[in-house]
> 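Sharing a structure with you now.
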Protein chains: 2
Amino acid sequence: MMTAPLWLDAITFDENGLAPAIAQDEQTGAILMVAWMNAEALRETVATGRAVYWSRSRRRLWRKGEESGHVQIVHEIRLDCDGDVILLKVRQEGGIACHTGRQSCFFRRLDGIGDTASWAVTDPVLKDPEQIYK
Amino acid sequence: MMTAPLWLDAITFDENGLAPAIAQDEQTGAILMVAWMNAEALRETVATGRAVYWSRSRRRLWRKGEESGHVQIVHEIRLDCDGDVILLKVRQEGGIACHTGRQSCFFRRLDGIGDTASWAVTDPVLKDPEQIYK
């Protein structure tokens, strides 16, 4: 890639060259997912207006929606005070961000207090993952 | 600590025993901050209903608000599909989550497209940090 842009200097990537990125629905404020970005993913996101992450499992750029069609149109990019967390306000195409076919990856809620609490699945599967990744 | 509760098994902490935790305003949906939790911090959060993080710089539990008084009352705890990111829906006492005296740590917005974009500070300082940490 060419010379890094000045705005990239504000970001502190971790020892693996990554920073967590939160995708938030720009209209409802719902938190859809958290993934990771390296400098290249963020630069492509800024250049194209679509969310691009770094897949730690596949060790390559992950253009969100490349298989599912569930791309994220980026309306706003924010950075926190330490410069090590990125926030994307997005429009989620298809209304499904999670690979389980749900709107959000945060579909489990801890019910109860203390050691006897338990996770409850609160959000419905909107589309069978087998129909999403076919 | 005593035997770990069953609900803790759902969480995958990283190689440092930590997971990122997002604090979101339970009423407005605004993302206030991202910090880190280890198992002990999360257990204390669940037990007390107040956000407790792990401070990586100080290497100790960080009971949010212990110095500033800006505690976070936890209304809901969520977990993502991979079990490696925690979401807290909180009421932020004092309306200030950031150590800079702002409501949110995400007070910088990237304006523009491509390499000539730049960060703009969009949110006001509500209280002088010297008055917060005195």
Side-chain angles (χ1 to χ4, degrees), chain A residues 2-11 20 22 24-25 27-35 42-43 45-49 57 74 76-89 97-100 102 104-120 122-123, chain B residues 2-11 20 22 24-25 27-35 42-43 45-49 57 74 76-89 97-100 102 104-120 122-123:
Chain A
M2 292 182 296
T3 314
L6 278 178
W7 58 259
L8 203 56
D9 291 347
I11 299 166
I22 307 168
Q24 181 180 34
D25 185 292
Q27 291 218 320
T28 67
I31 297 180
L32 301 173
M33 55 179 278
V34 172
L42 182 55
R43 287 186 72 179
T45 298
V46 172
T48 64
S57 56
V74 178
E76 193 172 293
I77 299 176
R78 288 185 169 267
L79 184 64
D80 76 343
C81 52
D82 295 330
D84 59 2
V85 182
I86 296 156
L87 169 58
L88 307 178
K89 299 196 180 187
C98 186
H99 75 287
T100 65
R102 294 178 174 89
S104 165
C105 295
F106 292 89
F107 57 80
R108 286 182 284 183
R109 183 185 67 208
L110 191 65
D111 286 352
I113 293 174
D115 287 359
T116 58
S118 61
W119 298 103
T122 59
D123 302 0
Chain B
M2 291 181 297
T3 314
L6 278 178
W7 58 259
L8 203 57
D9 291 347
I11 299 166
I22 306 168
Q24 181 180 34
D25 186 292
Q27 291 218 321
T28 68
I31 298 181
L32 301 173
M33 55 180 280
V34 172
L42 182 55
R43 287 186 73 178
T45 298
V46 172
T48 65
S57 56
V74 178
E76 195 171 293
I77 299 176
R78 288 186 169 266
L79 184 64
D80 76 345
C81 52
D82 295 329
D84 59 3
V85 182
I86 297 156
L87 169 58
L88 307 179
K89 300 197 179 187
C98 185
H99 75 287
T100 65
R102 294 178 174 88
S104 164
C105 295
F106 292 89
F107 57 82
R108 286 183 283 183
R109 184 185 66 207
L110 192 65
D111 285 352
I113 292 174
D115 287 0
T116 58
S118 61
W119 297 103
T122 59
D123 301 359

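Quick caveat: nothing in here was measured; it's all calculated off a predicted structure. Chain naming here is simple, since letters A, B, ... match the order of the sequence lines and numbering starts at 1 in each.
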> Against chain A, work out which of B:Gly29, B:Gly114, B:Ala120 has the most heavy-atom pairs shorter than 4.5 Å and name it.
B:Gly114

> Tell me whether B:Asp115 is salt-bridged to A:Arg43, with the criterion being a basic N under 4.0 Å from an acidic carboxylate O.
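So B:Asp115 pairs with A:Arg43 through a salt bridge.
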
> Count the heavy-atom pairs under 4.5 Å between each of B:Thr48, B:Asp111, B:Leu79, B:Thr28 and chain A, then report the option with the highest count.
B:Leu79

> Are A:Trp7 and B:Thr116 side-chain neighbours, meaning at least one heavy-atom pair lies under 4.5 Å?
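No, too far: nothing below the 4.5 Å cut-off.
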
> Rounded to the nearest 0.5 Å, what separation is found between the CD1 atom of B:Ile86 and the CG atom of A:Leu110?
10.0 Å

> Looking at every non-hydrogen atom in both residues, tell me the closest pair between A:Ile113 and B:Val46 and how far apart they are.
CG2-O, 3.6 Å

> Is chain A contacted by the side chain of B:Asp9, its backbone, both, or neither, given a heavy-atom distance below 4.5 Å?
neither

> Got A:Phe106 and B:Ile22 here, is their nearest side-chain heavy-atom distance under 4.5 Å?
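In short, these two side chains touch, coming nearer than 4.5 Å.
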
> Relative to chain A, which of B:Ala117, B:Gly83, B:Ala47, B:Ala30 shows the most heavy atom pairs under 4.5 Å?
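Counting heavy-atom pairs under 4.5 Å, the top option is B:Ala117.
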
> To the nearest 0.5 Å, what is the distance between CD1 (B:Ile77) and CZ (A:Arg108)?
13.5 Å

> Which atom pair, heavy atoms only, marks the closest approach of A:Arg78 to B:Trp119?
C-CZ3, 4.0 Å

> Taking side chain as everything from C-beta outward and backbone as N, CA, C, O, which of these in B:Ile11 sits under 4.5 Å from a heavy atom of chain A? Side chain, backbone, both or neither.
side chain

> Rounded to the nearest 0.5 Å, what separates atom SG in B:Cys105 from atom CG in A:Asp82?
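Separation between the atoms: 7.0 Å.
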
> What's the spacing between A:Ser104 OG and B:Asp80 CG if we round to 0.5 Å?
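Answer rounded to 0.5 Å: 8.5 Å.
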
> Please classify the contact of A:Asp84 with chain B as side chain, backbone, both or neither, using a heavy-atom distance under 4.5 Å.
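Only the side chain of A:Asp84 comes within 4.5 Å of chain B.
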
> Does any heavy atom of chain A fall under 4.5 Å from the side chain of B:Thr122, the backbone, both, or neither of them?
side chain

> Any side-chain heavy atom of A:Lys89 sitting closer than 4.5 Å to one from B:Ile31?
no

